[in-house]
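What follows is a set of notes on a single structure, which appears directly below.
By convention in this document, chain letters (A, B, ...) are assigned in the order of the sequence lines, proteins followed by strands, and residues within each chain are numbered from 1. These values consider heavy atoms only, across backbone and side chains, with no hydrogens, waters or symmetry-generated copies.
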Protein chains: 2
Amino acid sequence: MEDEVDRLVAAWRRERPDLDVEPLEVLSRVSRLARHLDRARRLAFSEHQLEPWEFDVLTALRRAGTPYQLSPGQLLTQTLVTSGTMTNRIDRLAKKGLVERLPDPSDRRGVLVRLTDEGRDRADQSLAGLLAQERAILAELSRAQRGELAALLRQLTAPFDNIPG
Amino acid sequence: MEDEVDRLVAAWRRERPDLDVEPLEVLSRVSRLARHLDRARRLAFSEHQLEPWEFDVLTALRRAGTPYQLSPGQLLTQTLVTSGTMTNRIDRLAKKGLVERLPDPSDRRGVLVRLTDEGRDRADQSLAGLLAQERAILAELSRAQRGELAALLRQLTAPFDNIPG
DNA sequence: ATCAACTGTCTTGACATCGAGATAGGTTGC
DNA sequence: GCAACCTATCTCGATGTCAAGACAGTTGAT
């Protein structure tokens with residue numbers, strides 16, 4: 001089945017036959033798929049009155065295990081946003097009572113962000129919903145294909161995640 | 001090589017062993033890779049004093065071929081933004097002299113957005129830069145692997161691009 | 001001890017995006 | 001012809017994000 005990127009690549013080959021646009025076959029699909037996923041996630045979370053950015057922060061804390069706390073800095077590397085954005089996110093989540101800010105006992109510059117009980121419940125509930133939706137999207141592929149795809153993507157993400165970028 | 005998603009999945013398996021989090025192996029990588037790509041693109045385009053959103057619009061018009069014009073509606077489906085966003089983008093590009101707005105002769109509700117000569121040059125210059133950068137990122141994979149990856153991604157994007165979503 | 005360099009978090013202002021609704025023009029069936 | 005519906009684009013207000021810089025606290029070299 002053809003997709004929008006097939007059309008995009010065909011158009012470039014017509015307009016700029018001098019260029020090799022093969023990289024777009026992979027990376028334009030990654031960007032476009034991510035945008036589609038964002039929209040789908042926004043819809044899935046709206047049942048739980050949660051925004052995608054709230055989900056990202058709450059689940060990062062949930063994954064940390066008891067006592068469900070991380071520094072803003074640790075949250076940055078997991079969510080790939082800037083520090084100003086994270087400060088703002090924590091403010092809003094705190095105002096909603098889903099997290100609380102505690103002083104870091106071992107570094108007086110530092111802060112620890114801790115999930116409240118309600119925050120933990122919201123994270124748990126919405127994760128199940130997200131997984132159901134993602135499973136539906138991935139039903140296009142066999143289990144073996146999903147494994148292959150994950151492995152290929154890992155080769156591309158690993159350099160970003162390991163070399164400090 | 002391990003990436004951040006491996007750590008994320010391992011954490012969920014420890015914290016929520018009752019859930020099957022396999023979908024995250026694929027889709028969390030797609031989302032994170034897209035964010036990394038955004039940052040890399042922003043950097044690559046800054047040499048040409050161009051923002052990623054400007055690139056997206058200018059190249060959509062460039063791909064259309066002479067006379068390099070499309071309706072705002074056609075630009076929407078290619079760039080996956082809302083109509084309000086597109087109006088705003090066209091306004092700003094027009095103010096910079098990179099596109100111009102013309103009335104659609106066949107539909108008086110409609111508008112045609114046309115690339116100026118300078119807009120076409122900027123699109124052509126920045127495309128070459130983007131491709132060079134993307135090639136570097138994809139050097140992690142063999143040509144055959146890139147082909148496989150593109151094919152697998154196409155299976156996921158095709159439903160979004162074809163069923164009106 | 002002290003000073004310079006570094007780190008972690010927050011502040012600020014500019015700006016791009018979204019969603020909902022407004023407006024004007026087109027289309028269809030009767 | 002005309003009424004009801006549809007479509008294309010734009011307007012507006014709210015909001016989330018970023019980049020750059022401020023600030024307090026920490027670390028390492030001397």
Side-chain angles (χ1 to χ4, degrees), chain A residues 31 34-43 45-46 49-58 69-96 98-114 164-165, chain B residues 31 34-43 45-46 49-58 69-96 98-114 164-165:
Chain A
S31 295
R35 282 195 74 76
H36 287 305
L37 287 176
D38 262 3
R39 292 183 172 187
R41 289 208 293 165
R42 199 173 308 267
L43 248 148
F45 291 142
S46 64
Q49 270 106 32
L50 217 57
E51 300 291 321
W53 64 263
E54 295 178 295
F55 176 86
D56 288 342
V57 177
L58 296 181
Q69 60 188 24
L70 291 172
S71 70
Q74 292 172 307
L75 288 170
L76 290 191
T77 70
Q78 295 207 30
T79 54
L80 298 177
V81 296
T82 61
S83 65
T85 297
M86 187 52 68
T87 298
N88 187 21
R89 287 184 175 187
I90 295 166
D91 286 348
R92 285 174 282 153
L93 287 171
K95 201 169 298 177
K96 291 178 75 170
L98 302 178
V99 306
E100 54 191 343
R101 241 190 274 248
L102 308 171
D104 182 338
S106 68
D107 183 339
R108 264 185 300 176
R109 291 167 305 181
V111 166
L112 289 174
V113 181
R114 175 148 66 188
Chain B
S31 296
R35 282 194 74 76
H36 287 305
L37 287 176
D38 262 3
R39 291 183 172 186
R41 289 208 294 164
R42 200 174 307 268
L43 247 148
F45 291 143
S46 65
Q49 270 105 33
L50 217 56
E51 300 291 321
W53 65 262
E54 295 178 294
F55 176 86
D56 288 342
V57 177
L58 296 180
Q69 60 187 24
L70 291 172
S71 69
Q74 291 173 305
L75 288 169
L76 289 191
T77 70
Q78 296 208 29
T79 54
L80 299 177
V81 296
T82 62
S83 63
T85 297
M86 187 52 67
T87 298
N88 188 21
R89 286 183 174 188
I90 295 166
D91 286 348
R92 285 172 284 153
L93 287 171
K95 202 169 298 176
K96 291 177 76 172
L98 302 179
V99 306
E100 54 190 344
R101 242 189 274 250
L102 307 171
D104 182 338
S106 67
D107 184 339
R108 264 184 301 176
R109 292 168 303 180
V111 166
L112 290 173
V113 181
R114 176 148 64 187

* Asked: For C:dT17, does either OP1 or OP2 sit under 4.0 Å from a side-chain N or O belonging to B:R89?
  -> yes

* Asked: Quick one: A:D91 CG to D:dT17 C1', roughly how many Å, whole number?
  -> 14 Å

* Atom pair distance, as rounded to whole Å: NZ in B:K96 and C1' in C:dC15 -> 13 Å

* Asked: Considering only side-chain heavy atoms of B:S83, which listed nucleotide, C:dC10, D:dT17, D:dT9, is closest?
  -> D:dT9

* Per A:R101 side chain, nearest of listed nucleotides D:dA24, C:dC10, C:dG25 -> C:dC10

* Is B:D38 salt-bridged to B:R41, going by a charged N under 4.0 Å from an acidic O? -> yes

* To do: Answer with base, sugar-phosphate or nothing: what part of the nucleic acid does A:D104 contact at a heavy-atom distance below 4.0 Å?
  => nothing

* Structure fact -> With the side chain defined as heavy atoms from C-beta on, A:D107 is closest, among D:dT26, D:dA20, D:dG16, to D:dT26

* **Rounded distance (Å) that lies between atom P of D:dT9 and atom CE of B:M86** => 10 Å

* To do: Report yes or no: is there a donor-acceptor pair, N or O only, under 3.5 Å between the side chain of B:T85 and the base of C:dC18?
  => no

* Asked: Between C:dT17 and A:R42, is there an OP1 or OP2 to side-chain N/O distance shorter than 4.0 Å?
  -> no

* Structure fact -> Rounded to whole Å, the CG-P distance (A:D38 to D:dG16) equals 15 Å

* To do: Report the distance from atom CZ of B:F55 to atom P of C:dA16, rounded to the nearest whole Å.
  => 18 Å

* Asked: Is any side-chain heavy atom of B:M86 less than 4.5 Å from a side-chain heavy atom of B:V57?
  -> yes

* Other residues, nucleotides, ligands: >12 heavy atoms within 6.0 Å of A:R108 CZ -> no

* To do: To the nearest Å, give me how far apart CD (A:E51) and P (D:dT15) are.
  => 11 Å

* Could you check which of D:dA20, D:dT17, C:dT7 has an atom nearest any side-chain atom of B:R35? => D:dT17

* So, for B:S83 and B:L76, which heavy atoms are closest and what is the spacing to 0.1 Å? -> CA-CD2, 3.8 Å

* Asked: So what does B:G73 touch, heavy atoms closer than 4.0 Å: a base, only the sugar-phosphate, or nothing?
  -> sugar-phosphate

* Structure fact -> Rounded to whole Å, CG of A:L93 lies from P of D:dG16 at a distance of 10 Å

* Asked: Think B:R108 has a side-chain N or O under 4.0 angstrom from the OP1 or OP2 of C:dA24?
  -> no

* Asked: Nearest nucleotide by nearest heavy atom, which residue falls closer to the 5' end of DNA chain D, A:N88 or A:S106?
  -> A:N88

* Nucleotide nearest B:T87 when distance is taken to its side chain, options C:dT17, D:dA19, D:dT9 -> D:dT9

* To do: Report the nucleotide, chosen from C:dC10, D:dG25, D:dC10, that has the shortest atom-to-atom distance to any side-chain atom of B:V111.
  => D:dC10

* Asked: Is there side-chain contact between A:W53 and A:R92, with at least one heavy-atom pair below 4.5 Å?
  -> yes

* Out of C:dC10, D:dG16, C:dA16, whichever nucleotide has its closest atom nearest the side chain of A:W53 -> D:dG16

* **Residue A:V81, side-chain heavy atoms: nucleotide from C:dT17, C:dG8, D:dC18 that is nearest** => D:dC18

* Taking side chain as C-beta onward, heavy atoms only, is B:R89 less than 4.5 Å from B:L75? -> no

* **Euclidean distance, atom CG of residue B:L102 to atom P of D:dT9 [Å, nearest integer]** => 13 Å

* Structure fact -> 5'-most contact on DNA chain D (nearest-nucleotide basis), A:R109 vs A:T82, goes to A:T82

* Short side-chain N/O contact from B:R39 to OP1 or OP2 of D:dA19, under 4.0 Å -> no

* **Proximity to the side chain of B:S71 - top-ranked nucleotide from D:dT9, D:dA19, D:dG16** => D:dT9

